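Beneath this line is the structure, given in structure tokens, with notes to follow.
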Amino acid sequence: MALTLHVDGARWRAAQDAAIAANPGLVPVVKGNGYGFGREVLYAEANRLRVTMIAVGTYAEVPGALAGFSGDVLVMEPFRAAIHAATQAATQAGLPSVDDGRLVHTITTRVDLDGLLAANPAARTVVEGLTSMGRFGAPAARVGDLVAAGRGEGVTLHLPLGSGHVDEISRFVEAVGGIRPFFVSHTTADEVAALRRRFPEHRFAARVGTDLWLADRAAYEMRSHVLDVRPLAKGDRVGYRQRPQAAGHLVVVSGGTSHGVAMESPASAATARSRAVAVAEGMLEAVHRVRSPFTVSGTMPRFAEPPHMQCSLLALPEGVAPPSVGDTVPVRMRLTTAYPDAVVIE
Ligand SMILES: *Cc1c(COP(=O)(O)O)cnc(C)c1O
């Protein structure tokens with residue numbers, strides 16, 4: 001009675017191996033919901049891949065990463081001395097594991113570098129450059145000084161989606177000077193190869209999550225249990241909202257908002273009008289107007305009403321053979337917002 005992510009282990013691992021082979025030096029990103037697999041599963045995969053470093057999103061993820069993965073752990077959010085100090089005042093502990101020699105901190109300002117070195121004089125650092133992404137980073141002209149001041153191990157660059165990455169990264173490489181590794185994000189294997197040709201004396205390593213863990217969509221499938229099936233006469237009312245239904249069957253399936261069901265944008269709504277309605281009503285309110293992500297008896301029925309926390313009510317149209325209680329049905333979900341109850345690697 002669960003939403004379960006089924007993984008074809010051999011196929012999934014072959015896709016990971018291919019991604020690493022195509023992009024040597026790749027640093028796996030393990031963050032957030034662990035791309036639907038959970039972070040613990042991905043630490044184990046990173047160990048299997050024998051990579052020397054993974055990248056995590058936040059300091060909150062550091063203790064788990066150090067426990068689950070045996071190599072270096074790069075924290076992609078910048079170290080902030082003020083937050084470390086405030087956390088220390090509140091908990092006597094500060095940000096997690098700042099002392100650990102396997103941790104590599106991201107630095108964007110001198111104040112933060114000084115604060116980090118005060119907490120741990122041996123702290124390892126990389127310096128993030130401010131790209132057109134505009135999220136975190138030091139301006140290109142300051143990156144070299146920050147690297148030198150912190151005996152930095154490299155420079156990190158996070159690029160927006162789209163093209164033009166090679167030129168933007170090239171400008172940084174030239175502005176920073178010196179020879180050091182560049183860790184680049186959202187840069188394809190082809191772009192990294194082009195950078196290596198242009199700057200053969202530098203090392204480039206891509207930080208990759210989606211194109212590593214979710215490279216082969218056929219390697220995994222989300223499945224839900226059919227929990228109940230009931231005939232509906234036209235006008236029958238069901239659910240919290242007591243909406244009248246068309247004739248057919250009500251199918252109750254496992255998987256709701258707590259699993260991330262219907263948490264994606266309604267871009268899949270069939271028509272411009274239904275998309276406009278979705279925007280006007282809010283995503284969750286409008287989901288009954290779009291097809292649900294559950295495939296039941298070969299169709300994708302509509303939600304009878306917005307999904308509940310752990311299950312969903314689907315309206316199967318008249319003429320479609322209903323499933324049986326206990327059947328499993330596939331669910332199409334974006335894994336970066338999915339929280340399955342279980343992950344089964346077979
Ligand atoms: C999340 C993140 C990545 C990985 O992104 P994917 O699209 O999953 O490959 C890389 N770099 C940074 C800085 C990130 O925040």
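Order of appearance sets the numbers: ligands from 1, and atoms from 1 within every ligand. None of the values given here were measured: they were computed from a predicted structure. FYI, the numbering just counts along the sequence from 1.
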Determine, for E61 against R39, whether the closest basic-nitrogen to carboxylate-oxygen distance falls under 4.0 angstrom.
yes

Check ion pair R180-E153 (N to O, under 4.0 angstrom)
no

Connected via hydrophobic side-chain network under 4.5 Å: L335 and V329:
yes

Taking any residue with a non-hydrogen atom under 4.0 angstrom from an atom of ligand 1, which ones do you get?
V29, K31, Y35, M76, R135, H158, S185, H186, R207, V208, G209, T210

Please report the C-alpha distance between D72 and R124 in whole Å, then the side-chain angles of each, then the deciding distance to 0.1 Å, and finally whether the salt bridge (Lys or Arg N to Asp or Glu O under 4.0 Å) criterion is met.
CA-CA 10 Å; D72 291 342; R124 299 167 60 189; 2.9 Å; yes

Proximity of F136 and H158 rings by center, below 6.0 Å
no

Is D114 paired with R110 through a side-chain N to carboxylate O contact shorter than 4.0 Å?
yes

